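To start, the structure itself, in structure tokens.
Bear in mind the structure is a predicted one, so any value in this text is a computation, not a measurement. The chains referred to below are lettered A, B, ... by the order of the sequence lines, with proteins before strands, and numbering in each begins at 1.
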Protein chains: 2
Amino acid sequence: MKFDVYAENCPTRLVMDRIADKWAVLVLVKLSAGKMRFNQLRREIEGISQKVLSQLLKKLERDGLVSREVFPTVPVTVEYAITPLGQTLTATVSALTVWAEENMPRIIEAQRRYDGVEARESA
Amino acid sequence: MKFDVYAENCPTRLVMDRIADKWAVLVLVKLSAGKMRFNQLRREIEGISQKVLSQLLKKLERDGLVSREVFPTVPVTVEYAITPLGQTLTATVSALTVWAEENMPRIIEAQRRYDGVEARESA
DNA sequence: CTGTATCCTACCAGATACTG
DNA sequence: CAGTATCTGGTAGGATACAG
């Protein structure tokens, strides 16, 4: 939220700010498969740290994309679930997945070509 | 590309790595309106630095999403254009824009509610 | 179990100056 | 005009320790 562009009525920018996060989509996808507890998520999403997951879940909850339910067991149990709003978002994001599956080969090919030219230029 | 998750065949992750960038989508959208020169882009995308734009364009070109054409004028002229591949991507991303327009009010509302609770808790 | 708090580092982006 | 090079400060994220 540092630049004026952010203040503009640019919806794309606004969604991006939400899903651009390295882990956000992954968490939403995991949760769309069913409720999960904190450490359960942590284990499934290999590579995410406790702090980052915590912050991310808080952010997602604030945006109304996931819900958080606390059970007063000992020790405490917390279940995270995706909300209907979160579900529609992940559904939309899946369009990107489709695009990716169809077009990654072209991107790879483009990179190969580009890198080839680069190598020749620096030679 | 630090974690194993990246290595996994997760297309969503792969597209994300491409468009998650703060400016990438914005550049693609601008270019989808027509060819543009470097400083022209720089002016239109207020807030982006010369270095970042330069790096971004290079990355997008490498991925085959934009093309770069140099005209041997004095001083040199460079035109950037979106490629067909880039066009299909922006078209897909526009699905997210639609989602944003429809659902931002709900997110705002969720945040308002969340922040309200927070304020009460810390009181 | 589910987090928060702290420290620390590595990377990124901004500013500036310079080149072809 | 279209970049590259360098320096630097802020920040996100990892590791660790601790709390409820």
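With rounding to whole Å, B:W23 atom CH2 is found 10 Å from C:dA13 atom P. The distance from atom CG of B:L53 to atom P of C:dC12 is 17 Å, rounded to the nearest whole Å. Between the CG atom of A:L56 and the C1' atom of D:dG13 there is a distance of 13 Å, given to the nearest Å. Between the NZ atom of B:K51 and the P atom of D:dC1 there is a distance of 21 Å, rounded to whole Å. Atom CZ of B:F38 and atom C1' of D:dT4 are 10 Å apart (whole Å). Atoms NZ (B:K22) and P (D:dG10) sit 16 Å apart, rounded to a whole Å. To the nearest angstrom, P of D:dA2 lies 15 Å from NZ of B:K58. Following rounding to the nearest Å, B:Q40 (CD) and D:dC1 (C1') show an atom-to-atom distance of 12 Å.
For DNA chain C, the neighbouring residues in residues 67-83 of chain A, judged by any heavy atom under 4.0 Å, are A:R68, A:P75, A:V76, A:V78, A:Y80.
The phosphate of C:dT2 (OP1 or OP2) has no side-chain N or O of A:S54 nearer than 4.0 angstrom. Contact annotation: B:R37 reaches the phosphate of D:dA2 (side-chain N/O to OP1 or OP2, under 4.0 Å).
Within the model, atoms CG of A:L28 and CD1 of A:I82 stand 5.0 Å from one another, a figure rounded to the nearest 0.5 Å. In this structure, CD in A:Q55 is found 13.5 Å from CH2 in A:W23, a value given to the nearest 0.5 Å.
Judged by distance alone, the side chain of A:D21 and the main-chain N or O of A:A24 form a donor-acceptor pair under 3.5 Å. For B:Q40 (side chain) and B:R37 (main-chain N/O), a donor-acceptor pair under 3.5 Å exists by modelled atom type. When atom types are taken as modelled, the side chain of A:T83 and the backbone of A:G86 share a donor-acceptor pair closer than 3.5 angstrom. No side-chain donor-acceptor contact under 3.5 Å links A:S32 to the backbone of A:Q87.
Nearest heavy atom pair, residue B:L85 against residue A:W99, reads O-CZ2, 3.7 Å.
Residue-level contact check: A:Q50 touches the bases, meaning some heavy atom is under 4.0 Å from a base atom.
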